[in-house]
Amino acid sequence: MTFFQDLPEPPERPRPPRHVMPEWLGPPSNELPGVIHIGKFLHRAPGFVMAVKSAEVYSNGCSVDVVWCVRRTSESDREWAAGNARFFRQPPPGPGYAEDPESALLFGAEFPDGRKTTSTHIRPGMFDGSETVTGPVLVANGQGGSGNDDELTGAARLWLWPLPAGGGLRLVVQWKEAGMDEQSIMLDGGQIAAAALLAQQY
């Protein structure tokens, strides 16, 4: 027999109640979404592009993947370093998070019935999940980026809740500090509705 044989089993740790995230805050954890390709540019200019890649559509909402890229053109080392600093200090979108909220990266959506929502309205951590929230809601999750001496890339995943009831869904973006005035694209509400039917429960 060795010293560590026949040691008593550790006591069972009590399991806390399972946390259920409110549906307006993010996609359900127990669904496989329907996926649609979007492939549209929100902004396209020398040295800077922003595009919508795709959307994952769930039974109650959709996640939209947005990417952007800044490529060095004629900037001096000093100018590129200054632009790099602006890019990576990009605060969370919304009033109270930026020195000049109008210059921050802002996302918005307009439903076919005219209802509007922005990424400044609700942010993760603002609520504990017990509140009653009426839609529509747009939450910017998973923002991040990387870069080197020639190129800077970034991405965000936008959670939109609830699903639009048919018609065109307008996605709007503005980033004045990056030289991008308000731009928008239309997403096909019928295509989104069809993809929602493909969502599968685990």
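Just so you know, these numbers use all the heavy atoms, side chains as well, and skip hydrogens, waters and symmetry mates. Note that the coordinates shown come from a computational prediction; the quantities given were computed from them, not determined experimentally.
No continuous path of hydrophobic side-chain contacts links Val67 to Leu158 [ILVMFWY only; heavy atoms under 4.5 Å].
Counting heavy atoms from C-beta outward, Val66 and Val173 have side chains that stay 4.5 Å or more apart. At least one side-chain heavy atom of Arg72 sits under 4.5 Å from a side-chain heavy atom of Asp77. Residues Pro27 and Glu56 fail the side-chain proximity criterion, which asks for heavy atoms closer than 4.5 Å.
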Criterion side-chain contact (heavy atoms from CB on, under 4.5 Å) on Leu171 and Val52, from CA distance to verdict: CA-CA 10 Å; Leu171 185 65; Val52 178; 3.7 Å; yes
Verdict with reasoning, Val57 to Leu163, per side-chain contact (heavy atoms from CB on, under 4.5 Å): CA-CA 9 Å; Val57 186; Leu163 288 173; 3.8 Å; yes
side-chain contact (heavy atoms from CB on, under 4.5 Å) between Leu160 and Thr117, intermediate numbers included: CA-CA 9 Å; Leu160 180 66; Thr117 181; 4.2 Å; yes
Worked verdict on Phe107 versus Val64 for side-chain contact (heavy atoms from CB on, under 4.5 Å): CA-CA 11 Å; Phe107 294 104; Val64 180; over 6 Å; no
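The number of heavy atoms from other shown groups lying within 6.0 Å of CZ (Arg115) is above 12. No more than 12 heavy atoms of other residues, nucleotides or ligands shown are found within 6.0 angstrom of NZ on Lys116.
Of all heavy-atom pairs between Pro112 and Gly168, the closest is CG-O, 3.3 Å. The minimum heavy-atom distance linking Ser29 with Tyr202 is given by the pair O-CE1, 3.2 Å. Nearest approach of Val172 to Ser184, heavy atoms of both residues: CG2-CB, 3.9 Å. Nearest approach of Ala55 to Ile38, heavy atoms of both residues: CB-CD1, 3.8 Å. Taking each heavy atom of Pro162 and Phe111 in turn, the nearest pair found is O-CZ, 3.3 Å. Closest heavy-atom contact between Thr73 and Gly47: CG2-CA, 4.1 Å.
Counting only distance, with no hydrogens or angles, the side chain of Glu23 and the backbone of Asn60 share no donor-acceptor pair below 3.5 Å.
Side chains of Ser63 and Arg157: no donor on one and acceptor on the other come within 3.5 Å.
Met50 CE to Phe48 CZ: the interatomic distance, rounded to the nearest 0.5 Å, is 4.5 Å. Distance CH2/Trp68 to CG/Leu152: 12.0 Å, rounded to 0.5 Å. Note: Trp159 CH2 to Leu138 CG = 11.0 Å, rounded to the nearest 0.5 Å. Remark: Met180 CE to Arg44 CZ distance equals 13.5 Å, nearest 0.5 Å. To the nearest 0.5 Å, atoms CG (Leu197) and CD1 (Ile192) are separated by 12.5 Å. Note that the CG atom of Leu42 and the CD atom of Glu182 stand 11.0 Å from one another [nearest 0.5 Å].
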